[in-house]
Amino acid sequence: MRRLYLSFLTLFLSLYATGQDLASAPGGLLARMWRPSHSSVLFGAGSTNQLDSYLSPIEYNGPQFSVMVESTRALSRWQTESTGWSFQSLLDINLHTSQTKAAGARYLGGDINYDAAFHHNWYRVLTPRLTLFAGPQAGISLGGLYSTRAGNNPANAHLNLHLSVSVGACYAFYIKRFPISINYQADLPLIGAAFSPNYGQSYYEMWQKGGYDHNIVGTHIGNAFSLRQMLTASFHIGNRTSLTIGYLGDIRQATLNGLKQHQYGHGGLIGWTRKF
C-alpha cells in the first residue's frame with residue numbers, strides 16, 4: 001500500500017512539474033503559444049459529394065485532393081500575458097473528380113479559396129495549457145465544374161465573397177515530455193454575395209447577349225449555409241518544427257436563382273508547421 005501511495009505521489013508531482021514547465025519555461029511550448037506566430041503547409045486527400053442542378057439533378061461522388069497554406073502572426077502591439085490579437089491568412093486549393101453511381105458521366109473541377117481573419121486570443125483559459133480564439137473573417141472562393149457529358153451547358157463557374165465568424169481552441173500537453181498541441185478551428189460564413197446563372201439561363205445569353213438576370217445574389221445562412229472545420233495535432237519534432245496531421249471537413253451549399261448546389265468534402269491532412 002505504501003508503494004501505491006508513493007506511486008500516486010510521484011505521478012502527481014511529475015504532472016504538476018510538467019504543467020509548471022509548460023507555463024513558465026522561457027522556451028517552453030506555452031511560452032511560444034502566447035505569441036502564436038507560425039506557418040503550415042498541409043496536403044489533404046479525401047472524398048467529395050457534389051450536386052450542381054445547373055448541370056445535373058444527380059449527386060456525384062469521388063476523390064478530392066487539396067493543398068492548404070496557413071499562416072498566423074501575432075500582432076505584437078496588442079499582446080499581454082492573458083490576451084492578444086493575431087492575423088491569420090489561409091489559402092486552400094482543391095482538385096476533385098466525381099461521377100454518378102452508374103458511371104455514365106463525370107465531373108472535373110477545382111476551386112481556390114482565400115480567407116483572412118483577425119482573432120482575439122485568450123491565453124491560459126482555466127488551465128495554462130488552453131488557448132481560445134475568435135474573430136471576424138473575410139474570404140473569396142473561385143472555382144467551377146465541368147461535365148464530360150455533352151450538352152448545351154457543360155460547365156458552371158462558382159464565385160462568392162463572404163464575411164464569416166471564425167472560432168477555435170488550442171490545447172498543449174506532454175506525453176513523456178514530448179510536446180503535442182491539438183488545434184481546432186471552425187469558420188461559419190454569415191453574409192456575402194455569389195455569382196449564379198438563373199434557372200434555364202445559358203452562359204451564351206449572359207456573355208454574348210448581355211442578358212443579366214439577377215446573376216449576383218446576396219447570400220446568408222438561410223440560402224447558403226456553409227461550414228469549414230479543421231482538427232489537427234502537431235507533434236513537435238524540433239525547437240520550431242512540427243509534424244502536423246488532422247482532419248478537414250468542408251460543407252458548402254447554396255440555393256440561388258432556383259438552382260441548388262452543394263459540395264461536401266471530408267479528408268485527412270498531413271504536413272508540417274514551423275514557428276516563427
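Residue numbers count from 1 along this sequence.
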Candidate pair Val165 and Leu190, rule side chain to side chain contact (heavy atoms under 4.5 Å, CB included), full reasoning: CA-CA 7 Å; Val165 59; Leu190 300 178; 4.3 Å; yes
Before giving the answer on side chain to side chain contact (heavy atoms under 4.5 Å, CB included), spell out for Gln88 and Arg73 the whole-Å C-alpha distance, their side-chain angles and the decisive distance to 0.1 Å. CA-CA 7 Å; Gln88 181 190 54; Arg73 184 175 294 274; over 6 Å; no
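- Of the N and O atoms on the side chains of Thr241 and Arg274, at least one donor lies less than 3.5 Å from an acceptor on the other residue.
- At least one side-chain heavy atom of Val217 sits less than 4.5 Å from a side-chain heavy atom of Asn257.
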Derivation and outcome, side chain to side chain donor-acceptor pair (under 3.5 Å), residues Tyr184 and Gln229: CA-CA 7 Å; Tyr184 171 78; Gln229 299 184 87; 2.5 Å; yes
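- A donor-acceptor contact under 3.5 angstrom links the side chains of Gln185 and Asp187, judged on distance only.
- Using a 4.5 Å heavy-atom threshold, the side chains of Glu70 and Thr72 count as touching.
- With rounding to the nearest 0.5 Å, the separation of OG in Ser242 from CD1 in Ile237 is 7.0 Å.
- Between His262 and Tyr264, the distance separating the two ring centers is shorter than 6.0 angstrom.
- To the nearest 0.5 Å, the span separating OG1 on Thr232 from CE on Met68 amounts to 9.5 Å.
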Do Arg106 and Thr97 pass the side chain to side chain donor-acceptor pair (under 3.5 Å) test, and can you show the C-alpha distance, the side-chain angles, and the key distance before you say yes or no? CA-CA 7 Å; Arg106 181 180 293 273; Thr97 177; 3.1 Å; yes
Check step by step if side chain to side chain contact (heavy atoms under 4.5 Å, CB included) holds for Tyr114 and Leu142. CA-CA 9 Å; Tyr114 177 77; Leu142 173 65; over 6 Å; no
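- Side-chain contact between Ser82 and Tyr123 is absent, with no heavy-atom pair separated by less than 4.5 Å.
- Separating the CG atom in Asp250 from the CG atom in Asn94 is a distance of 7.0 Å, to the nearest 0.5 Å.
- Between Gln137 and His119, the side chains place no donor N or O within less than 3.5 Å of an acceptor N or O (distance only, hydrogens not considered).
- The two atoms that bring Ala45 and Phe65 nearest to each other are CB-CD2, 4.0 Å, heavy atoms only.
- Ser164 approaches Pro189 most closely through the heavy-atom pair OG-CA, 3.2 Å.
- Two residues are said to be in side-chain contact when any heavy atoms from C-beta on lie closer than 4.5 Å; Pro154 and Tyr146 meet this criterion.
- For Asp92, there are no salt bridge (Lys or Arg N to Asp or Glu O under 4.0 Å) partners at least two apart in sequence or on another chain.
- For the residue pair Thr273 / Ser40, a side-chain donor-acceptor distance below 3.5 Å is found, with atom types taken as modelled.
- The shortest side-chain heavy-atom distance between Ser141 and Asp111 does not fall under the 4.5 Å cut-off.
- You'll find the side chain of Thr219 stays beyond 4.5 Å of the side chain of Asn160, heavy atoms only.
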Kindly determine whether Tyr171 and Asn183 satisfy side chain to side chain contact (heavy atoms under 4.5 Å, CB included), including the steps that lead there. CA-CA 7 Å; Tyr171 185 77; Asn183 302 273; over 6 Å; no
Show, in sequence, the C-alpha distance, side-chain angles and deciding distance for His96 and Tyr107, and conclude whether the side chain to side chain donor-acceptor pair (under 3.5 Å) test is met. CA-CA 8 Å; His96 38 79; Tyr107 281 161; over 6 Å; no
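- The aromatic rings of His120 and Trp85 sit perpendicular, their planes meeting at an angle over 60°, well past the 30° parallel limit.
- Rounded to the nearest 0.5 Å, atoms CG (Asn49) and CD (Glu59) are 4.5 Å apart.
- How far OH of Tyr60 is from CG of Leu108: 10.5 Å, rounded to the nearest 0.5 Å.
- Taking 4.5 Å as the limit, every side-chain heavy atom of Thr48 sits out of range of all side-chain heavy atoms of Pro63.
- Put simply, the side chain of Gln253 reaches to within 4.5 Å of the side chain of Phe225, judged on heavy atoms.
- For the pair Ala74 and Ser37, the tightest heavy-atom approach, listed with the atom from each and the gap, is N-OG, 2.9 Å.
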Give the intermediate values and the outcome of side chain to side chain donor-acceptor pair (under 3.5 Å) for residues Asn215 and Gln201. CA-CA 10 Å; Asn215 300 126; Gln201 182 187 28; 2.7 Å; yes
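- Residues Asn156 and Tyr203 have side chains that bring a donor and an acceptor to within less than 3.5 angstrom of each other.
- For NE2 of His214, the number of neighbouring non-hydrogen atoms (other residues, nucleotides, ligands) closer than 6.0 Å is 12 at most.
- The line from CG of Leu231 to CD1 of Ile182 is 7.0 Å long, rounded to the nearest 0.5 Å.
- Here Arg228 pairs with Asp115 in a salt bridge; the nearest charged N to carboxylate O distance falls below 4.0 Å.
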